[in-house]
Participant: 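Provided herewith is a single structure, encoded as C-alpha cells, for subsequent inquiry.
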Amino acid sequence: MEMIDALRADAAKVLADGRAKVVIGYQARGDHRAPLFVTTADRAASLVYDDACKQNLAVYLRKPEVKLLGKAAVVASPAAMRSLVLLMSESQLTGDDALVLAVGVGEYHGVLELAQVAPLLKEKYAALAPSPELLREIEKLAAKTPEERAAFWAKQFAKCTRCYACRAACPGCYCTRCIVEKNVPQWISTAAAGHGNYAWNVIRAFHLAGRCTGCGACEAACPQGIPLMLLNVLLGQEVEKEFETKAGYDPEAKPVIGSWNPEDEEDFIK
Amino acid sequence: MARVGVFLCHCGENIGRTVDCAAVTAAAAKMPGVVHAVDYKYMCSDPGQQMIKQAIVEKKLTGVVVGACSPRMHEPTFRRAAAEAGLNPFLLEMSNLREHCSWVHEDRAKATEKAVDLVRVMVEKVKHNRKLHSIRVPIEPTAMVVGGGIAGIQAALDIANGGKKVILVEKSPSIGGHMARLSETFPTLDCSQCILTPRMVEVASHPNITLMAYSEVESVEGFVGNFDVTVRKKARYVDWSKCTGCGDCWAKCPVKKIPSEFDAGLGKRTAIYRPFPQAVPNKPVIDQEHCIMLTKGKCGACAKACQRGAINYKDQDELVKIKVGAVVLATGFDLWDHSAYGEYGGGRWADVIDGFQFERLASASGPTDGEIRRPSDGRIPQTVVFIQCCGSRDDKMGKAYCSKICCMYTAKHAMLYKHKVHEGRAVIFYMDIRAGGKGYEEFVRRAIEADGAEYVRGRVSRIYRRADGKLIVKGADTLAGRPMTVEADLVVLADAIVPRTGSERLAQMFGVGYDTDGFYSEAHPKLRPVETSAAGVFLAGACQAPKDIPDAVSQASAAASKVLGLFSKPELEREPIIARVNENTCVHCRACIAACPYGAIEDFEIKDRKGNVVKRVARVNEGLCQGCGTCVAICRSNSIDLDGFTDEQVFSEIVTLE
Ligand SMILES: Cc1cc2nc3c(=O)[nH]c(=O)nc-3n(C[C@H](O)[C@H](O)[C@H](O)COP(=O)(O)OP(=O)(O)OC[C@H]3O[C@@H](n4cnc5c(N)ncnc54)[C@H](O)[C@@H]3O)c2cc1C
Ligand code: SF4
Ligand code: SF4
Ligand code: SF4
Ligand code: SF4
C-alpha cells in the first residue's frame, strides 16, 4: 500500500472508531499545501502528504477553536513530532490530548499515542540534521566578523513587516499574550522599523533557543523571506554545545535556560 | 497627583565633598511631581529624620526620595521614619549618592550631574510605587547546629540554656571536633580533654538538645524561621538504644589494624569502634568499609560478643525531616595536605608529621601515652624542627592567607616537647611570630626564654632523609644572613588551616556564600561577622576562618545570641518584595517553576463555580518567595512582576534617562 493510502485509511479509521473527532492534515491547493480539518471518515480521501507540506500542524493543538472540535489526530513529520514532545515537556499537552499520524522519512509509522512519540524519535530520528545548504550558510555567517554579522542581521530584520506570521506558525510560540504585545510598559516598539524590528526578531529567536525543533514553518511563513532558520539553528547549535541537549526528544525535559542544579559548572564564580 | 519630597544628604563630607548638594537640590525641585526638596548635613541623624517626617505631614507627600548612602545602610532607618509620619514605608526610595557616586568619582561637575540623574531615576520610580505591607511568617523556635566541635557545642549549649530546642548534627560518631584531639592548650596549657569533656557530657544530657551523631545534612528547603532540613542518619549497625558501651564488641573484632582517624593515623582501631574513650555518645559504630561481615558476609564476632543483642548488620541509612527556624554552621577545619610540598618529603617520611600528630604524641591519652616518640622507630627525638607557615602565606603552592593559630600552637609544641625532653633541641623556622591575643605574646616569650626554644627566622628550602634516619633540614637564617642545616629526628609541619572537605556543598544547600578558599562568608566583615547572606543561617568557629578556641567559642556564643534574638518573637516580619503572576496571561509553561531557586512557585488550577478546571497557571507562594526576580526574567510572556521592582517602575527609571 502507498504511504498516502495508509495515512488516509488510518485517518478514516480513527474518525470512524471515535478515537478522534478531527484529523488535522494537509490538502492540496495547486502547488500549495494548506491545512485540512477532517471530521468525517468519508472526507479522509482528500488528505495529501508530500515534500511541499511545510506547515507544522502541531501548532493547531493549542488553539481554542480547534480544541472545541474535540480530540485531534494530527499528521506530523519527525520535526513536528519533536514539537509535540516539546509541548508535552512544557505542560501544554498531556498524554491523551491527541493522536499522531506519524509520517517518517520515507516511511509511515501509523497511529501513535503521544507517549509513543518520544521513543520513536529517539529510535529513528535522533540524528535529524539541518539541510547541508543551511549548514553551509551558517559556516559562512560564522566566518564573518561580529560587525559584519550585526550588519547582515540588521539588513534582514529591516525587511520585517511585523506581521507575526512566523509566530503564528510556530508551535513553540503558544503564549496567549506575546511579550511584544505587552504595552504597560511597552518594552518593545511595535512599529515595523529599526530598533523595534531588531528587538522583536532577537527576542523571538531567544525565546526559541533550546526550544526550536527545526521544522522550518516560521521561515516558510515569512512573506519577507527573512532567513529565520539560520538564526534558529545557530542558537540550537549553541544550546546543544553548552547544555548537551536537543529540544523535542524528552517529554520530561526541563527548560534549558530556566533550570539549574547545584552541580552546574560555574567557572565564573567560586 | 504625585507629591514627591526629595531629601539630600551630605553624609558629612562624604557626599558633599564631590557632589554639589545644593545644585542637586535645586535640580530636584524642578523635577515633575517634586513638591519639596532640601539638603542637610546628616539626613540619618535625629534632626534629619525629623525634617522628613515633618515634610511628609505638612506637604502631604505621596512619595519620598532620600539621596544619601546605600539603601543597605539606611533604607530601614528612613522607611521607619516615613512610617512614623504615617506614610507607607514602601513609598520611600533611596538614591545611592555615596557608593554609586561621590566615593567613585573625582570630577565634581560630572559627579553632580550623575547625582541629579540618580535622583531623577528614583523620583520617577517612586511615582509608580504602590503601598506594600510587610509579610508576617511564624517562626519555628528550634535551632539546628551543624558540626559538633567546640564551636558547635558552645552554640548548642547557649541556645539550649536560653530555653530553646536545639538539634545538633555531627557527621562523625562523636562530638568534640579537633579540640578533643589536642593535648594541652595555649595560652594556659590546660588539658584540652579536661575542659572539653564536661561540655560534651552536658550536650548529651541537656533536655533541650537532641544530638544526632553520625548524621549529615542531606537537603534543605524553606527559609528563615521555617527551614525543612532532611538529615541522613548513617547506618551505625549498632542499636544505640540497646548498647551500653561496654566494649565487648570491639575487644572481639578481628580487624585491628585500621589507622585511627582520631590519633591522626598514629594509633590503630578496630572495625567496630568508638573514636576515643571519652566519646559522646559513648557508643560504637561499625565502619562498613573494613568490617568483614559487611564486606564478605562472614565473621559476626561482635554480634556474638554483644550480650545485649545490639548489633544489626542489616542497619540502613535513615532520612529524617526536621523543621527548624535557624541554623548555625560550625563545621570547622582540616589541615592542608602537605604532600604538595615535594621539598618537605611530599608526605613520604613517617617522621615528618603534622600538628595533630604531634598533639597525639604529646597527649597523655595518645598512642604513646604522652611520650614524644617518633613514628618510624619509636625513639625519643633529640632534635625536633618545627616549620611554621607550611602552606600558609604561599599563594603559589598553598594558601595566600595566614592560618593565624600556627604560631601559637608551634610555640606550645616546642614548650611541651621541652617539658618532656629536657635536654632536647626545639628549632623553629618562622616567617614572623604573630602572637596577637591576651597572654599570647607572653606565652611565646616563655617558650623562648624559659624553655629555650630556638627561633630561627627563615624558610626551609629542603628536607631529606639520610640513611641513618636523620632528617636533614636545609634552611636559611635570614636574620644572621647565613644558610643553616639542622640534623633533626622529627620534623613538625604547621600546615595551613583549610575548611572541611564537603563544606562547599553544605554552603550551597543553605545558600551561604564562601570565599575562594572555601571558608564561609559572613554578611559583613566588620558589622555582621556571624550572620551570612542567607537569613537565619549563622556561623561559628573555624568554618568561617582559621580560629583558636577562644575565638571559636566567642563566635559560637554570638551566633547563639543571634538565634535567641530571632526566636524572641513568635513571628518574623519580611519585606513584601515578592513575585506575582498575572494569571490572565500565564500559559503554564512551568519555566518559572523550574527556575525558582527557592521552590516558591506552584501549579495552580483556576476552577469555575462548578469546580471544573478552566485554566492551569503558576502561582507564587508568598511565604517562600525571596524576591530574587529569577522568575521575572525567565517568563517569556512577561507574566510575572516583582512587587517593589515592577516592570513599570523599572521602565520609568530607564526611560527618564533617555
Ligand atoms: C595542631 C593544632 C593545635 C591546636 N592547639 C590549640 C590550642 O592549644 N589552643 C587553642 O585555642 N586552639 C588550638 N587549636 C585550634 C582549635 O583546634 C580550633 O580552634 C577548634 O578546634 C575549632 O573548633 P570548631 O568547632 O570550629 O571546629 P572543629 O574542631 O573542626 O569541629 C568541627 C566539627 O564539625 C563536624 N563536621 C564537619 N563537617 C560537618 C558536616 N558537613 N556535617 C556535620 N558535622 C560536620 C566535624 O566532624 C567536627 O566535629 C589547634 C589547632 C591545631 C591544628
Ligand atoms: S514572519 Fe517575517 S515579516 Fe512577519 S514578523 Fe516574522 S520575521 Fe517579520
Ligand atoms: S522557530 Fe520556526 S523552525 Fe523553530 S519550531 Fe518554531 S516554527 Fe519551527
Ligand atoms: S514562566 Fe510565565 S507563562 Fe510560564 S508558567 Fe511561569 S508565569 Fe506562566
Ligand atoms: S522572585 Fe520568583 S524566582 Fe525569585 S524566589 Fe520569588 S518566585 Fe522564586
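Just so we're clear, the structure is a prediction, and the values are computed from it rather than from any experiment. Each chain gets a letter, A, B and so on, in the order the sequences are listed, and its residues count up from 1.
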Participant: Please flag which part of B:Cys596 lies under 4.5 Å from any non-hydrogen atom of chain A: side chain, backbone, both or neither.
Facilitator: backbone
Participant: Are there over 12 heavy-atom neighbours, none belonging to A:Arg149, within less than 6.0 Å of that residue's CZ?
Facilitator: yes
Participant: Counting only heavy atoms not in B:Arg616 (residues, nucleotides, ligands), do more than 12 fall under 6.0 Å from its CZ?
Facilitator: no
Participant: Taking atom NE2 of A:His195 as the centre, does the number of heavy atoms from other residues, nucleotides or ligands within less than 6.0 Å exceed 12?
Facilitator: no
Participant: Relative to chain A, which segment of B:Thr630 carries a heavy atom at a distance below 4.5 Å: side chain, backbone, both, or neither?
Facilitator: neither
Participant: Considering residues, nucleotides and ligands other than B:Glu221, do more than 12 of their heavy atoms fall under 6.0 Å from its CD?
Facilitator: no
Participant: Given a strict heavy-atom distance threshold of 4.5 Å, which part of B:Asp603 is in contact with chain A: side chain, backbone, both, or neither?
Facilitator: neither
Participant: For A:Lys122, look at atom NZ and say whether over 12 heavy atoms of other residues, nucleotides or ligands are found less than 6.0 Å away.
Facilitator: yes
Participant: Do you know which two heavy atoms are closest between B:Thr585 and A:Thr176, and how far apart they sit?
Facilitator: O-OG1, 3.7 Å
Participant: Does atom NZ of A:Lys254 have more than 12 heavy-atom neighbours from other groups under 6.0 Å away?
Facilitator: no
Participant: Are the side chain of A:Ser91 and the backbone N or O of B:Cys589 linked by a donor-acceptor pair below 3.5 Å?
Facilitator: no
Participant: Chain A heavy atoms under 4.5 Å from B:Ile654: which part of the residue, side chain, backbone, both or neither?
Facilitator: side chain
Participant: Are there over 12 heavy-atom neighbours, none belonging to A:Glu65, within less than 6.0 Å of that residue's CD?
Facilitator: yes
Participant: Against chain B, label A:Pro255 side chain, backbone, both or neither, depending on which of its atoms sit under 4.5 Å from a heavy atom there.
Facilitator: side chain
Participant: Any sub-3.5 Å donor-acceptor pair from A:Glu90's side-chain atoms to B:His588's backbone N or O?
Facilitator: no
Participant: Please report the shortest heavy-atom distance between B:Asn638 and A:Lys182, naming the atom on each side.
Facilitator: O-NZ, 3.4 Å
Participant: Could you grab the distance from atom CD of A:Gln92 to atom CZ of B:Arg590, nearest 0.5 Å is fine?
Facilitator: 10.5 Å
Participant: Side chain, backbone, both or neither: which part of A:Glu181 has a heavy atom under 4.5 Å from chain B?
Facilitator: neither
Participant: Could you go through the side-chain contact (heavy atoms from CB on, under 4.5 Å) check for A:Ile179 and B:Arg636 one step at a time?
Facilitator: CA-CA 7 Å; A:Ile179 186 168; B:Arg636 286 187 291 273; over 6 Å; no
Participant: For A:Arg177 and B:Ser637, indicate whether the former's side chain and the latter's backbone hold a donor-acceptor pair under 3.5 Å.
Facilitator: yes
Participant: Evaluate whether atom CZ of A:Phe37 has more than 12 neighbouring non-hydrogen atoms of other residues, nucleotides or ligands under 6.0 angstrom away.
Facilitator: yes
Participant: side-chain contact (heavy atoms from CB on, under 4.5 Å) between A:Trp187 and B:Asp647: does it pass, once the steps are laid out?
Facilitator: CA-CA 9 Å; A:Trp187 289 106; B:Asp647 260 24; 2.7 Å; yes
Participant: At a heavy-atom separation under 4.5 Å, does A:Phe206 approach chain B through its side chain, its backbone, both, or neither?
Facilitator: neither
